[in-house]
Structures are given as C-alpha cells and as structure tokens.
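Count residues from 1 along the sequence.
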Amino acid sequence: MTRGVLLDLAGVIYDGETAIPGGVDAVARLRQAGLAVRFVSNTTRSSKQTVLQHLEALGLTVTKADVFTPAHAAREWLLRNGRAPYLLVHPGLEPDFFELPVRDKRAVIVGDAGEAFTYAVLNDAFRELNAGAELLALATNRAFRDADGALSLDAGPFVTALEYASLKRATVLGKPSPAFFLSALASMNCPPDQAIMVGDDAEADIAGALRAGISSALLVRTGKYQQGDEKRFDPRPTASFADLAAAADWIIARRD
C-alpha cells in the first residue's frame with residue numbers, strides 16, 4: 001500500500017522558471033487520490049521562501065511544512081550542535097541562515113555558490129576547517145541543468161575538494177542522506193515501505209531513496225536526466241517514465 005509520495009522539484013515540477021507540462025496537474029491528481037505529498041529539493045541557490053513563491057506562481061498550493069530543503073536541515077543542525085555558520089553558499093540562500101545565535105565554534109556550510117566559488121573563498125573555508133570547523137554539505141550533486149540547457153558543476157565537486165584538502169568528511173544534509181528522506185516521511189507519518197520517490201537524478205534522488213528504505217523510486221526523463229542513467233547507479237530505479245504525469249499514472253494505478 002502506498003500512503004505518501006516524495007517529489008523532487010527542479011527537473012520534475014519545473015525547469016528554471018517554467019513548469020514542466022503536466023507536472024502541476026500530476027501533483028493535484030496524487031493528492032486527489034488520497035496520497036500525502038512532500039517536496040524534497042536539493043536546491044541551494046534559493047531560500048525556502050523563494051521556493052514556495054515559485055511553486056505558488058506555478059499554480060501549486062503549498063505550505064512551508066510541505067517543502068524540505070538542505071538549508072533548513074543545516075539550520076537545525078547548527079542549533080542542535082551549538083555552531084555558527086561559515087557560509088559558502090549562493091547569496092540567494094543566505095536568508096535561510098539569518099538570526100542564528102552567535103557561537104564560538106563554527107561549521108563550514110557548502111552549497112552551490114555559483115560564481116562565488118573562487119580560490120580565495122575556498123581557501124578561507126579550508127582555513128576554517130583547519131582551525132576546527134565542521135564541514136556540512138547541503139548537497140553533493142555532481143551537476144545540474146543550467147538556464148542555458150546544458151549541465152553545470154553543482155556543489156559536490158567543491159565539497160570533495162574541501163574534504164580532500166582538510167582530511168575531514170562532510171556531513172551531508174540533503175539528498176542522498178537517508179535522514180533527509182526520513183524527515184520528510186516522518187512529517188506525514190508515512191513509513192518508508194509505504195512511500196514512493198520521484199526524481200530526475202538517478203544518484204541522489206533514486207539510489208538515495210532506495211538506500212533509505214523507500215519502497216519504490218521512479219526516475220523521470222526530464223531535467224538533468226541523461227540517456228543511460230537507468231543503469232548508471234545502484235540501486236537502480238524501480239521504473240523510468242517520460243515525466244511526472246506518467247509517473248503519477250503508475251503510482252495511482254498501484255496505490256493499493
């Protein structure tokens with residue numbers, strides 16, 4: 001029995017500012033079928049409020065509780081562990097870290113900083129790590145589909161560089177961290193074996209969800225999908241579909 005569905009955002013619901021055809025309607029149909037829906041995004045260029053506004057502009061009815069982002073998980077981690085952030089993130093994400101308590105100990109937080117990834121800022125982050133800061137990765141995605149339609153470097157390569165230089169292992173807060181998936185499922189009281197994940201990233205979305213114990217993970221051939229992704233990472237997708245609309249048909253038909 002399926003009770004809940006986790007959906008990636010970029011590449012599944014929308015590409016850039018444009019909704020992927022059939023995606024918004026697919027979300028409505030999943031909800032009408034009695035399924036709980038949460039959105040789990042590795043976006044690290046936009047604040048949670050900006051993400052919510054974007055979804056609303058596309059015609060989706062969403063609340064803060066429906067959307068899970070790595071920045072929110074990082075904020076909670078900082079509060080639990082008594083650390084202040086050293087941010088290596090895109091300016092658009094900085095509002096998610098406003099009004100945190102002042103702490104003596106720090107944590108380097110790495111997201112997709114885009115053009116801000118320079119030698120100087122990476123070296124400053126390296127020195128923070130050498131001075132005792134923890135290393136937090138909002139995501140470890142290799143690449144993302146950029147505005148020009150081509151793939152661009154995501155945060156993952158830069159996290160790996162800092163790990164190599166500092167001899168520290170990053171704590172990953174977004175996908176494919178099992179805790180990230182399980183947090184979203186807990187919010188709708190849905191056990192992993194009664195949930196389905198839908199995403200366009202065969203590594204972070206699909207293999208990550210299956211490793212977290214989610215019963216099925218569906219790969220859509222939109223967004224960053226590239227031919228052959230179905231066989232590129234293990235565990236492999238439960239099934240692959242042209243888009244979210246087709247994946248929703250499959251989920252609804254098998255919900256019981």
Do [X] and [Y] have side chains that get closer than 4.5 Å, going by heavy atoms?
X	Y	result
W77	L173	yes
F97	I109	yes
I251	V198	yes
H54	E17	yes
R83	R106	no
V40	D8	no
L219	R236	no
V67	S41	no

Other hydrophobic cluster members with V159, side-chain heavy atoms of Ile/Leu/Val/Met/Phe/Trp/Tyr under 4.5 Å, chained?
Y86, L88, V108, V110, F117, V121, L122, F126, L129, L135, L153, F158, L162

Given the rule in the side-chain contact (heavy atoms from CB on, under 4.5 Å) test, do D243 and R221 qualify, once you have shown the distances and angles that lead to the verdict?
CA-CA 6 Å; D243 52 26; R221 298 188 293 275; over 6 Å; no

Looking at [X] and [Y], what are the two nearest heavy atoms and their distance?
X	Y	value
A155	A139	CB-O, 3.9 Å
F180	P70	CE1-N, 3.8 Å
S216	T238	CA-OG1, 3.3 Å

Is it true that the side chains of [X] and [Y] contain a donor and an acceptor less than 3.5 Å apart?
X	Y	result
T2	Q194	no
R38	S187	yes
D66	T63	yes

Whether over 12 other heavy atoms sit under 6.0 Å from D104 CG
no

For the CZ atom on R103, are there more than 12 heavy atoms of other groups (residues, nucleotides or ligands in this structure) within a distance under 6.0 Å?
yes

What is the distance from atom [atom1] of [X] to atom [atom2] of [Y], rounded to the nearest 0.5 Å?
X	Y	atom1	atom2	value
T171	L138	OG1	CG	11.5 Å
F39	F68	CZ	CZ	11.5 Å
M1	C190	CE	SG	9.0 Å
T69	L93	OG1	CG	7.5 Å

Evaluate the criterion side-chain contact (heavy atoms from CB on, under 4.5 Å) for residue pair Q226 and K224; output intermediate values, then yes/no.
CA-CA 6 Å; Q226 293 188 298; K224 71 165 60 175; over 6 Å; no

Can you hop from [X] to [Y] via hydrophobic side chains spaced under 4.5 Å?
X	Y	answer
I214	V5	no
I20	L55	no
V220	I196	yes
V27	L6	no
L218	Y225	no

Regarding [X] and [Y], does a basic nitrogen lie under 4.0 Å from an acidic carboxylate oxygen?
X	Y	result
K168	E163	no
D112	R45	yes
D249	R29	yes

Run through K175, R142, R232 and flag the one making a side chain to side chain donor-acceptor pair (under 3.5 Å) with E203.
R142

I need the single residue from D201, N141, D154 that forms a side chain to side chain donor-acceptor pair (under 3.5 Å) with N42. Which is it?
N141

Applying ring-ring contact (aromatic ring centres under 6.0 Å, His included), name anything that partners H90, two or more places apart in sequence or on another chain.
none

Partner set under ring-ring contact (aromatic ring centres under 6.0 Å, His included) for F233, not counting sequence neighbours
none

I252/L30 under side-chain contact (heavy atoms from CB on, under 4.5 Å): CA gap, chis, key distance, verdict
CA-CA 7 Å; I252 293 167; L30 290 169; 4.1 Å; yes

Show your reasoning for whether side-chain contact (heavy atoms from CB on, under 4.5 Å) applies to L151 and D146.
CA-CA 6 Å; L151 294 181; D146 215 329; over 6 Å; no

